[in-house]
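Here the structure comes first, spelled out in structure tokens, and everything after it is commentary.
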Amino acid sequence: MSTTNTEEGSLTKKDFVTENDVRWCPGCGDYAILNAVQRTLPELGVPKEKFVVVSGIGCSSRFPYYMNTYGFHTIHGRAPTVATGVKSANPDLSVWMVTGDGDGLSIGGNHLMHLLRRNLDINVLLFNNRIYGLTKGQYSPTSEVGKKTKSTPVGSLDYPINPLLFALGSEATFIARTSDTDQKHMVETFKAAQAHKGTSFIEIFQNCVIFNNNAFDTVTGRAVRSEQALMLEEGKPLRFGENKGIRLNGFDPEIVELKDGDDESDLLVHHSKTNNPAYASILAQMAYPAFPTPFGILRQIEGRETYEDALHSQIKASQSKGEGNLQELLTGKNSWVVE
Amino acid sequence: MSTTNTEEGSLTKKDFVTENDVRWCPGCGDYAILNAVQRTLPELGVPKEKFVVVSGIGCSSRFPYYMNTYGFHTIHGRAPTVATGVKSANPDLSVWMVTGDGDGLSIGGNHLMHLLRRNLDINVLLFNNRIYGLTKGQYSPTSEVGKKTKSTPVGSLDYPINPLLFALGSEATFIARTSDTDQKHMVETFKAAQAHKGTSFIEIFQNCVIFNNNAFDTVTGRAVRSEQALMLEEGKPLRFGENKGIRLNGFDPEIVELKDGDDESDLLVHHSKTNNPAYASILAQMAYPAFPTPFGILRQIEGRETYEDALHSQIKASQSKGEGNLQELLTGKNSWVVE
Amino acid sequence: MTQATDSFEEIESAVVRFAGDSGDGMQTIGERFTDSSAFAGNDIATLPDFPAEIRAPAGTIAGVSGYQLQFGSHSILTPGDEPDALVAMNPAALKSNISDLPEGGMLVVNVDSFKKMNLKKAGYESNPLEDEEFRKKYQLIELDLTTLTKEALSESPLKPSDKARCKNFFALGFMCYVYGRPLDPTLKFFDQKWGKRLPEVADANSTALKAGHNLGDTMETARNRYQLAKAVVNPGVYRKISGNEALVYGLVAGAQSANRELLYSGYPITPASPVLEGLSALKKFGIKTVQAEDEIAAMGVAIGASFAGDLSVVATSGPGMCLKSEFIGLASITELPVIICNVQRGGPSTGLPTKTEQSDLLQSLFSRHGDCPLPVIAAHSPSDCFECSIEACRIALTYCTPVIYLSDLYVANGAEPWLVPNAADLPAIEAKFADPDEEYISYKRNPDTLARTQAIPGQPGLEHRIGGLEKSEDGGVNYDPENHEQMTHLRAEKVERIADTIPPTQLHGEAEGDLLVIGWGGTYGAITSAAQAMQAEGFSISSLHLRHLNPLPKDLGEIIKRFKKVIVPELNLGQLSLVLRAKYLVDAIPLTKVQGKPFKVSELRDSFHKELS
Amino acid sequence: MTQATDSFEEIESAVVRFAGDSGDGMQTIGERFTDSSAFAGNDIATLPDFPAEIRAPAGTIAGVSGYQLQFGSHSILTPGDEPDALVAMNPAALKSNISDLPEGGMLVVNVDSFKKMNLKKAGYESNPLEDEEFRKKYQLIELDLTTLTKEALSESPLKPSDKARCKNFFALGFMCYVYGRPLDPTLKFFDQKWGKRLPEVADANSTALKAGHNLGDTMETARNRYQLAKAVVNPGVYRKISGNEALVYGLVAGAQSANRELLYSGYPITPASPVLEGLSALKKFGIKTVQAEDEIAAMGVAIGASFAGDLSVVATSGPGMCLKSEFIGLASITELPVIICNVQRGGPSTGLPTKTEQSDLLQSLFSRHGDCPLPVIAAHSPSDCFECSIEACRIALTYCTPVIYLSDLYVANGAEPWLVPNAADLPAIEAKFADPDEEYISYKRNPDTLARTQAIPGQPGLEHRIGGLEKSEDGGVNYDPENHEQMTHLRAEKVERIADTIPPTQLHGEAEGDLLVIGWGGTYGAITSAAQAMQAEGFSISSLHLRHLNPLPKDLGEIIKRFKKVIVPELNLGQLSLVLRAKYLVDAIPLTKVQGKPFKVSELRDSFHKELS
Ligand SMILES: Cc1ncc(C[n+]2csc(CCOP(=O)(O)OP(=O)(O)O)c2C)c(N)n1
Ligand SMILES: Cc1ncc(C[n+]2csc(CCOP(=O)(O)OP(=O)(O)O)c2C)c(N)n1
Ligand code: SF4
Ligand code: SF4
Ligand SMILES: [Mg+2]
Ligand SMILES: [Mg+2]
């Protein structure tokens with residue numbers, strides 16, 4: 001029982017697989033994400049016993065049961081709070097939080113926002129399938145207007161939340177998007193998230209085969225992907241398709257077709273490390289069909305102290321002047337003696 | 001008891017004053033806001049009985065008790081939900097919601113976000129005093145890092161929420177900022193909010209004389225105001241102080257000093273009606289001391305249907321094909337007869 | 001239980017269970033069999049049993065879906081303790097259901113699916129159908145359903161895999177033959193569902209159904225066939241209704257009877273989601289439905305709508321009830337009508353979300369801080385949900401109060417025939433708003449009910465403020481000690497006064513005796529059946545079932561005194577019994593079951609016997 | 001009550017109330033008077049009474065702040081029913097307090113403030129001090145405090161308005177003279193507080209204090225002066241302590257005794273905020289404090305920290321308890337230690353946020369959905385908060401369970417002298433984590449306590465998952481009927497077993513008799529005083545006070561049987577009495593008060609008399 005796996009490279013995907021039967025629907029995008037996470041973790045140089053996976057409630061939130069790490073399947077929408085408690089108590093742990101579009105943005109939006117602004121060093125994976133899976137198919141806060149679901153037989157009314165804009169509004173220090181269809185991109189993104197010190201927010205397009213099948217096909221489908229998805233690469237111009245790119249007109253992005261020999265200097269260049277939210281907000285609101293939908297790291301800001309570091313430094317600073325003495329505390333400064 | 005005041009201009013400030021003693025601390029900024037609201041309402045052409053003021057809990061949330069309208073002092077953080085219920089039930093009412101930085105952004109952030117995205121035609125006044133007033137002085141989610149308060153004797157740790165960026169992240173259709181020190185600006189802003197069809201979000205800098213006195217003096221103080229506040233005017237270049245303005249360098253704003261004869265064409269021009277969030281996000285994150293702090297309407301987007309309109313149109317559309325018949329509903333399509 | 005003999009035996013009732021993979025369409029054929037039985041004039045009660053997963057891997061135990069029903073020529077109160085016949089579509093279904101089938105019971109299996117792979121997935125080491133002892137234990141009927149179905153559909157233009165999917169209707173046809181159920185309602189169903197859009201599918205299913213039926217007729221091994229008389233019921237128009245449907249209809253009816261607009265706000269949660277879904281489909285009744293961001297918001301929206309004059313309703317289950325409690329306190333102190341439905345499931349915490357339980361009674365009574373008593377009622381059967389929800393409307397509007405309506409997964413998902421009421425005969429609910437021509441005092445009370453009168457926004461001259469701080473009669477914030485004490489007592493007394501309008505408690509059995517069984521909620525069928533059976537055996541036992549849990553009926557104390565012993569069966573650790581003990585100082589014996597399953601009649605009988613011996 | 005006579009009368013106890021505008025510094029002089037009394041060797045009990053508003057307009061009734069204390073040479077259990085002496089700094093203070101002063105009581109008023117304007121703000125039509133009848137009713141002492149203070153400070157460099165602000169200490173000096181209280185502790189306080197930073201302020205206040213004292217000495221109308229013997233108490237080091245302070249210290253002590261790191265997470269709310277504030281100031285003890293975004297989050301943070309191995313604590317009041325209930329259910333089913341403190345205030349809803357009440361007992365017991373019993377304990381006095389919070393730590397860690405600790409505004413804000421314990425003598429709390437060298441089974445239980453063992457993240461080989469779905473012993477999700485029933489019973493039984501470690505119930509009075517008074521929480525002082533007084537009068541009355549509300553002590557049933565009648569005084573509509581009635585089938589008589597105020601001893605005596613006659 002007491003094998004430590006601190007050596008880098010000594011862990012493999014298998015170490016993270018539990019005995020439990022995985023109980024998602026056959027074909028569910030959650031399997032691919034599980035696979036990507038199980039492939040990522042062994043490569044992080046973190047001993048297995050230091051991983052804690054925390055989730056809320058939903059299909060996606062069954063995740064911890066399938067990860068052979070410490071895990072906590074909490075209650076609906078509240079995973080950010082439990083994750084905050086774990087990390088505050090022991091900053092040495094690598095905390096991964098799994099949530100759904102309903103769990104994270106409907107009931108749990110406030111906790112998520114506060115987690116992001118507090119910037120605890122936690123990796124947040126938001127499985128966005130634009131539907132409530134576990135409760136069998138009601139619309140979610142990321143569902144498009146007019147969506148016909150069980151609870152909206154004539155179409156939903158609410159304007160959807162854009163998870164990336166939401167994260168930006170919360171001034172998250174790391175914001176990315178990836179897709180269950182792209183193992184390589186998922187693994188890369190998860191690694192970048194782990195490398196980032198602070199809360200990493202990752203929206204993952206996830207297909208719910210049962211209640212919202214093919215929701216992302218227009219951007220992640222093999223045939224259309226290269227034309228309708230925009231893969232962000234640090235320091236590179238925003239290019240997609242054979243020969244298309246994005247440039248700015250005022251504050252508005254626009255698509256340009258590059259003819260043979262045209263140079264790219266007109267195009268927007270991807271800089272994810274700008275503190276100013278304007279650029280990331282332009283990316284965040286780009287979406288098919290008006291634009292290609294961006295994938296990758298939209299924003300990563302270094303230098304903001306994490307909550308847990310600040311918490312523990314305050315304690316250390318205070319203890320450096322001498323630790324607390326219980327007897328002194330109890331006696332206080334205004335005691336008197338009865339003889 | 002049955003006087004209607006439907007004629008425009010027939011109402012005065014007095015009509016909105018209640019008999020109740022106002023119980024804020026002497027000198028509290030809340031008085032000025034109350035005054036501005038009581039001055040605004042008579043000028044809106046809305047009969048008095050159509051106003052409903054809904055609030056949460058906090059000093060600011062005592063507001064409804066002092067307004068001689070229909071009013072509901074609800075529970076902490078939940079005013080947006082009650083306001084949504086009122087407006088959904090009866091779209092004909094003019095609903096005003098009053099909240100504080102703790103009420104609206106700490107416990108109530110999620111409801112506020114969902115109200116904003118649903119875009120009900122409600123005017124939201126967020127009294128931001130960067131402190132918990134009613135509970136006697138703990139730091140709030142808008143307090144600056146390192147703030148020493150009762151609950152943070154060695155300084156707070158959490159990175160503050162920027163209410164305007166938050167509203168932008170929620171894709172609010174109307175976002176503005178005003179100050180308790182400026183009656184005229186408040187009244188104008190409230191009127192614009194009422195004119196906007198959709199949720200209007202207004203952050204009001206409000207001074208808490210007891211627990212966070214002079215928090216906004218650096219931008220609203222008489223002496224510094226013109227240099228350190230940026231008053232936004234539609235279609236006008238961003239100018240402040242004697243001769244300063246804001247222009248863009250890449251995505252970053254920068255301050256320019258205009259020399260005699262320099263023209264303004266370099267400067268950013270205020271267009272609040274752009275759908276793209278980039279410009280508003282630049283404004284939202286500008287703040288003293290790096291920049292002047294902006295006041296006015298940052299963003300107003302027309303054309304997104306309000307939730308209550310969509311709700312009632314769906315019903316009307318469905319009823320246009322014939323209203324529901326209870327007996328038919330009860331009998332259903334698969335009944336049988338026992339004789 | 002009916003013993004197996006030769007064909008066309010007259011029986012009084014039977015219990016059939018269909019079990020198969022979630023993808024096998026067991027709920028569908030269960031419902032069809034139910035409808036046929038209803039059309040055949042029998043009384044019925046049903047119990048669907050879904051797996052917790054949306055789609056567990058095919059063929060596993062976790063993926064088994066079941067549907068049990070009891071039908072009979074006399075009054076049927078429960079879906080039956082144990083099946084007389086079990087249809088098992090695959091090894092997993094067999095494995096997880098066989099322990100409920102008594103020896104000698106009829107067992108229909110789809111042998112086509114008893115392949116190695118499937119046996120392994122179900123956790124069988126060897127094929128039970130090859131075990132002689134097993135074979136002798138039951139009336140085993142082995143059908144190669146998949147093959148038979150495909151053969152029957154050889155002419156159909158469907159793809160082979162789609163043909164195979166019709167096998168559930170083949171099985172249904174067979175069982176219809178066995179129990180003499182008419183095929184017509186099912187054929188009509190095919191027509192309605194696919195007739196126009198997918199006529200080939202309708203055809204294929206019809207063919208499979210008929211083929212199954214024919215197989216029964218022509219099978220070599222002449223199997224027994226059963227025949228039931230029609231149930232003797234009151235004449236009228238009947239339909240089948242589930243508990244959640246009845247709740248939806250009751251709310252629509254209640255709002256109409258009170259002449260109020262209905263606003264429902266909810267957040268999806270099993271097993272309450274069908275209420276949101278059902279009401280959302282009734283836009284032409286002018287019903288506003290809001291899917292809120294969570295249960296707190298749903299309650300807030302309802303409170304806001306109530307303030308604005310709508311009849312507002314929320315429905316949820318345990319976890320959502322926790323979240324609503326702060327807002328319920330606000331509704332109580334502001335005295336606004338809101339109907340709060342809790343369709344209970346197994347707890348605590350996320351617990352057993354797809355299983356039934358009655359363990360939220362004490363929560364309903366006491367979840368709020370402060371002294372905050374509220375009316376609580378509970379529905380006891382699917383159709384009773386209709387009456388209970390109208391009663392909830394009546395209480396909420398007459399007493400200007402939030403009211404908690406309890407049902408549970410078993411009642412909500414179960415179905416039974418229902419004598420459709422005449423909409424015009426539903427009693428009106430009187431609930432007036434304040435008159436703009438009179439002076440308005442917000443907490444002035446009706447001397448009889450102690451209810452305050454609502455004045456709704458939009459009415460000139462009635463402007464006023466309400467809120468969660470203690471108020472005096474005139475609506476002003478008031479912290480005076482005496483005022484708070486008086487208001488606290490008034491709120492409590494108002495709830496107590498509801499008891500004045502509760503009809504006398506109906507006792508099943510003699511008015512006095514040795515044992516009184518007191519129940520509430522979904523245990524009605526089992527308790528009543530058990531007690532009736534024992535009365536028939538000559539025991540001095542009576543039973544009563546409480547609809548009103550708070551306030552309790554005024555005559556209850558007197559009734560209790562007339563019995564030597566009181567026993568309280570509940571699907572929890574003894575919640576109602578605690579309340580009865582405290583109120584009446586009676587040594588009410590808790591009879592508890594916390595298994596996520598309803599009581600069996602036999603379990604109850606055993607326990608009652610024990611108390612009487 | 002002490003009758004007014006000539007100077008230096010020996011008395012046993014006295015009750016003094018200071019009342020004035022919120023800005024007048026009444027809490028400050030109340031505390032000073034208390035400290036002086038403590039130093040003088042008297043026993044004391046205090047009751048601060050703040051206005052609901054932060055700063056209500058000066059001079060209004062809403063702005064009146066009060067501080068009452070009782071001190072005496074015998075054991076003092078309550079701050080006193082009614083004052084022997086009232087100090088009223090302005091007309092509003094007089095108006096809102098005078099009804100509590102009995103005829104013949106000493107009334108000190110600041111006549112300077114009895115101006116037209118102030119009289120009007122207080123709602124006086126005319127000056128009561130000019131009413132002859134009023135003047136005769138009390139021992140009236142009219143002091144022009146503002147003028148006198150300014151005169152005394154003629155030499156001080158302070159601004160006139162700042163001088164006037166010293167009048168509270170003038171009044172204090174005067175009262176110290178009357179009751180023979182030493183000035184030294186107050187002078188020391190000035191020195192500590194302002195000595196270095198603002199010596200002029202320290203000087204001015206010292207001068208005012210002494211001037212007030214001198215005035216008493218030299219006043220023409222020779223007023224009576226009282227003298228109290230020292231209280232006979234155990235020798236040792238004493239300090240004054242409030243309930244919330246004692247809670248903070250108890251948590252620190254409990255964590256040290258258990259050798260766990262302490263993490264507190266909270267959201268501000270009256271009257272629980274001082275717990276957050278107090279612990280936040282103790283960083284050097286390594287305490288982590290998190291101000292969460294709301295009470296749900298606070299509970300989630302605590303649960304996460306508990307999972308990670310910290311001793312975690314939350315504190316809130318009623319509305320926050322509502323919000324926590326879903327998470328409390330999760331802590332219960334995952335069996336994680338968390339201490340949940342509820343400092344009760346007046347409800348329901350926002351209710352009376354600055355007044356005391358005991359109305360959250362039933363909520364503590366039953367707020368969760370599902371069967372979810374939890375340990376509940378309550379502190380009965382300020383210093384008892386220390387012992388109770390240590391007991392909460394012991395229960396939470398020994399039984400691996402959330403535990404609810406109740407106190408109330410009265411206990412939390414009140415203060416009393418406390419014999420400072422020896423830190424080294426505090427008993428250790430044994431609570432081990434799982435051993436990485438042994439196989440870990442997450443729900444394997446200690447056979448005595450039935451507690452499971454925690455394995456904390458970071459330990460190699462102990463990786464495991466927990467969550468809100470029902471689990472089997474090995475930690476796997478498990479919906480089996482029998483497993484759920486067993487786990488439900490085990491969780492309940494575990495809580496019951498805590499009773500094995502509850503010491504025998506202490507009975508005040510004879511072991512049997514006519515009337516047994518059962519109390520809990522902050523009513524201890526009043527109940528015990530009332531019962532003692534009646535025992536002295538020869539009545540057959542005993543009292544007991546429950547610390548453990550769930551499980552109840554094992555001997556309670558036996559004790560109850562030995563009395564003819566049982567009465568249960570509570571500041572609610574009868575919550576403990578409901579529990580006792582249900583559990584023991586005893587006709588426990590609820591004696592209720594719901595006024596936001598503690599019981600008076602005299603009220604209780606009257607009620608007890610009635611029951612005994
Ligand atoms: C308090 C509470 N409310 C409601 C539910 C029911 N519920 C479970 S999961 C879920 C939403 C699932 O949607 P999402 O978060 O998008 O996850 P998915 O299943 O799509 O992965 C809901 C409403 C619950 N468990 N608890
Ligand atoms: C559920 C709940 N938690 C906590 C409180 C206590 N509380 C009342 S107001 C408040 C915050 C006040 O701050 P803010 O919203 O900024 O309003 P302000 O008083 O500053 O105007 C808190 C924490 C409460 N009433 N209810
Ligand atoms: S319902 Fe959708 S999200 Fe849930 S497991 Fe099935 S496919 Fe996946
Ligand atoms: S505490 Fe602050 S916010 Fe509250 S009333 Fe006083 S000054 Fe205003
Ligand atoms: Mg989802
Ligand atoms: Mg504030």
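Letters A, B, ... mirror the listed sequences (proteins, then strands); counts begin at 1. Hydrogens, waters and symmetry mates are skipped; everything else that's a heavy atom, side chains included, is used.
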Using heavy-atom distances under 4.5 Å, tell me whether [X] contacts chain C through its side chain, its backbone, both, or neither.
X	answer
B:S320	neither
B:M67	backbone
B:Y307	side chain
B:E339	backbone
B:L93	side chain

Of the backbone (N, CA, C, O) and the side chain (C-beta and beyond), which part of [X] lies under 4.5 Å from a heavy atom of chain B, both, or neither?
X	result
C:T334	side chain
C:V248	neither
C:Y238	both
C:L336	side chain
C:E293	both
C:L330	side chain
C:A231	neither
C:A253	both
C:K188	side chain
C:F189	neither

Got a second to check how far [X]'s [atom1] is from [Y]'s [atom2], nearest 0.5 Å?
X	Y	atom1	atom2	result
B:L311	C:K283	CG	NZ	6.5 Å
C:D294	B:T81	CG	OG1	8.5 Å
B:N325	C:K284	CG	NZ	8.5 Å
C:I296	B:N110	CD1	CG	9.0 Å
B:T331	C:Y249	OG1	OH	10.0 Å
C:E463	B:E49	CD	CD	6.0 Å

Closest heavy-atom pair and its distance - C:I287, B:I315: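 Here C:I287 and B:I315 meet closest at O-CD1, 3.5 Å.
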CG of C:D474: more than 12 outside heavy atoms within 6.0 angstrom?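 Yes, because the 6.0 Å sphere around CG of C:D474 holds more than 12 heavy atoms from other groups.
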Who among C:A308, C:G286, C:G309, C:S265 has the most heavy-atom pairs with chain B under 4.5 Å? C:G286
Could you check whether any side-chain heavy atom of C:L263 comes within less than 4.5 Å of a side-chain heavy atom of B:S88, counting everything from C-beta outward?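 Touching, per the 4.5 Å side-chain cut-off.
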Picking from B:G322, B:A79, B:S318, which has the most non-hydrogen pairs under 4.5 angstrom with chain C?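 Greatest number of close heavy-atom pairs with chain C: B:S318.
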Under 3.5 Å, side-chain donor or acceptor atoms of residues 418-426 of chain C against the rest of the protein: list the pairs with distances, not counting sequence neighbours.
{"unit_1": "C:N422", "atom_1": "OD1", "unit_2": "C:A424", "atom_2": "N", "d": "3.4"}

For the side chain of B:K48 and the backbone of C:P460, is there at least one donor-acceptor N/O pair under 3.5 Å apart?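 No, the answer is negative, given that no donor and acceptor are paired below the 3.5 Å cut-off.
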side-chain hydrogen bond (donor to acceptor under 3.5 Å, both in side chains) pairs touching residues 52-78 of chain B, sequence neighbours excluded, are B:R62-D:E53, B:Y65-B:H73, B:Y65-C:K471, B:N68-C:R465, B:H76-B:D103, B:H76-D:Y267, B:R78-B:H111
